[in-house]
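As the structure is a prediction and not an experimental result, all values here were calculated from the model. Only heavy atoms go into these numbers, but all of them, side chains included; no hydrogens, no water, no symmetry mates.
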Amino acid sequence: MRSRLPMAGGVVTTATGGRLKTFTCECGNQLFFENSRCLACGRAVGFLPDSLVLSALEPAGEGRYRALLGGSDYRHCGNHLDHHVCNWMVPVEDPERLCRSCRLNAIIPNLAEPRNHTLWFRIEQAKRRLLYGLFHLGLDVRGKRADPRQGLAFRFMEDPARDDEFSNAVTEDQRVLTGHMNGTITINIREAEPSAREAMREKMNEEYRTLLGHFRHESGHYYWGLLLGHADRKAAFRALFGDERADYAAALRRYYAEGPAPDWEARHVSPYASAHPWEDWAESWAHYLHMVDTIETAEDLGFRFADASPQGSDAPEFDSLLDDWSRLSLALNMLNRSMGLPDAYPFVVAGLAADKIHFIHDLVRAAGGPSPGLRA
């Protein structure tokens, strides 16, 4: 079992190379992943999912735009044209009206409710960050039209009204629960409302609750089914996480009635991870995505650690990743405290929890393809 303390270490590029979250317009202004227009020169910009870059665009007539990075022609996603909630582009040769992200949606919020448009916009931003990270890791992202049995889909739904004049007996069973089932990830759109999400965080006694965290956690449930199909992998999983054949519903009832296992900090990355091996996996998966994404964003922004890694450049990749994360997350927390804000990362990755994330790292490395993409 490995035990880790925050150590000095240089930022390393992991998995697939630097994962850029910032980009530059033709005018030299810095762009960000969510931009659809340059705020300096006013030029239209769009994300190109086939090359994973945010590019300035030039009108090319008939609804087409020439990407100034690469020179190919694209169209705006239909959800940009109709609702202004998406900045991903569609190659002109692609017959689909929606981009690679939006075509994964099975259900979108009821837009007759004005507030839902804002909530959907926030949800789509978090979803695109998830997909961008999965693409960069080279993981298979397939839609349900390409693979009805193992494909991925999203449902963004709201709770039924509680003041319906014909019924005042709304039960817990009628609420929309954020979760995953058979490749479909459901997000209750109230999670995009900061006040509602904070109220739920306090009610659940959680240290951390974000939209992106939900997407990463639920994607972990999805990839468990894709990555752990082999008997030898499942045996290795059970040795670390426990036997997932334990009654899941009973385990969750016990967790919500009694709280986390008393010794959860010695074996899990979060209290909820102690509820059941499936939740342990999903929590560890989400934290792995947090780690890789944030480290590579920090590197892209020019952040460097003052001390060189004592392990040197020959250190195993995951060990370097974990050392860098220990240092970076400590710095993030200290910066937040200087601003009077809660810790950005209120967790400790050590001991068995680190071994579990290492296991996920190795699976992702083995499964990642040479070029990211999506089959809808």
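- Judged purely by distance below 3.5 Å, without hydrogens or angles, the side chains of Tyr272 and Asn205 never pair a donor atom with an acceptor atom.
- Using cut-offs of 30° and 60° on the angle between ring planes, the pair His84 and His80 is perpendicular.
- Ion pair Glu193/Arg115 flagged as a salt bridge, since at least one NZ, NE, NH1 or NH2 atom sits closer than 4.0 Å to an Asp/Glu carboxylate oxygen.
- No side-chain donor-acceptor contact under 3.5 Å links Asn182 and Gln150.
- The aromatic rings of Trp285 and Tyr223 sit parallel to each other, their planes meeting at less than 30°, with 60° as the upper class boundary.
- Annotation for Val92: hydrophobic cluster partners, listed by chain and number, are none (ILVMFWY side-chain heavy atoms under 4.5 Å, direct or chained).
- Salt-bridge annotation for Arg233 and Asp362: absent, with no side-chain N of the basic residue lying under 4.0 Å from a carboxylate O of the acidic one.
- Classification of the Phe33-Tyr132 ring pair by plane angle, with boundaries at 30° and 60°, yields parallel.
- Ion pairing between Glu58 and Arg43 holds under the 4.0 Å rule for side-chain N and carboxylate O.
- A salt bridge links Arg129 with Glu34: at least one charged nitrogen is closer than 4.0 Å to a carboxylate oxygen.
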Problem - Candidate pair Glu317 and His361, rule side-chain hydrogen bond (donor to acceptor under 3.5 Å, both in side chains), full reasoning - result: CA-CA 10 Å; Glu317 184 181 62; His361 173 79; 3.0 Å; yes
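- In this structure, Phe347 and His287 have perpendicular ring planes: the angle between them is above 60°, well past the 30° mark.
- Ion pair Arg97/Asp82 flagged as a salt bridge, since at least one NZ, NE, NH1 or NH2 atom sits closer than 4.0 Å to an Asp/Glu carboxylate oxygen.
- Crowding of Asn110 atom CG: a count of heavy atoms from other residues, nucleotides or ligands under 6.0 Å exceeding 12.
- A salt bridge is defined here as a Lys NZ or Arg NE, NH1 or NH2 lying under 4.0 Å from an Asp or Glu carboxylate O, and Asp323 with Arg327 fails to meet this definition.
- With respect to Asp159 and Arg190, no salt bridge is recorded, no charged nitrogen being found less than 4.0 Å from a carboxylate O.
- Between Asp94 and Arg100 no salt bridge is recorded (no basic side-chain N to carboxylate O distance below 4.0 Å).
- Using a cutoff of 4.0 Å between basic side-chain nitrogens and carboxylate oxygens, Glu244 and Arg238 are scored as salt-bridged.
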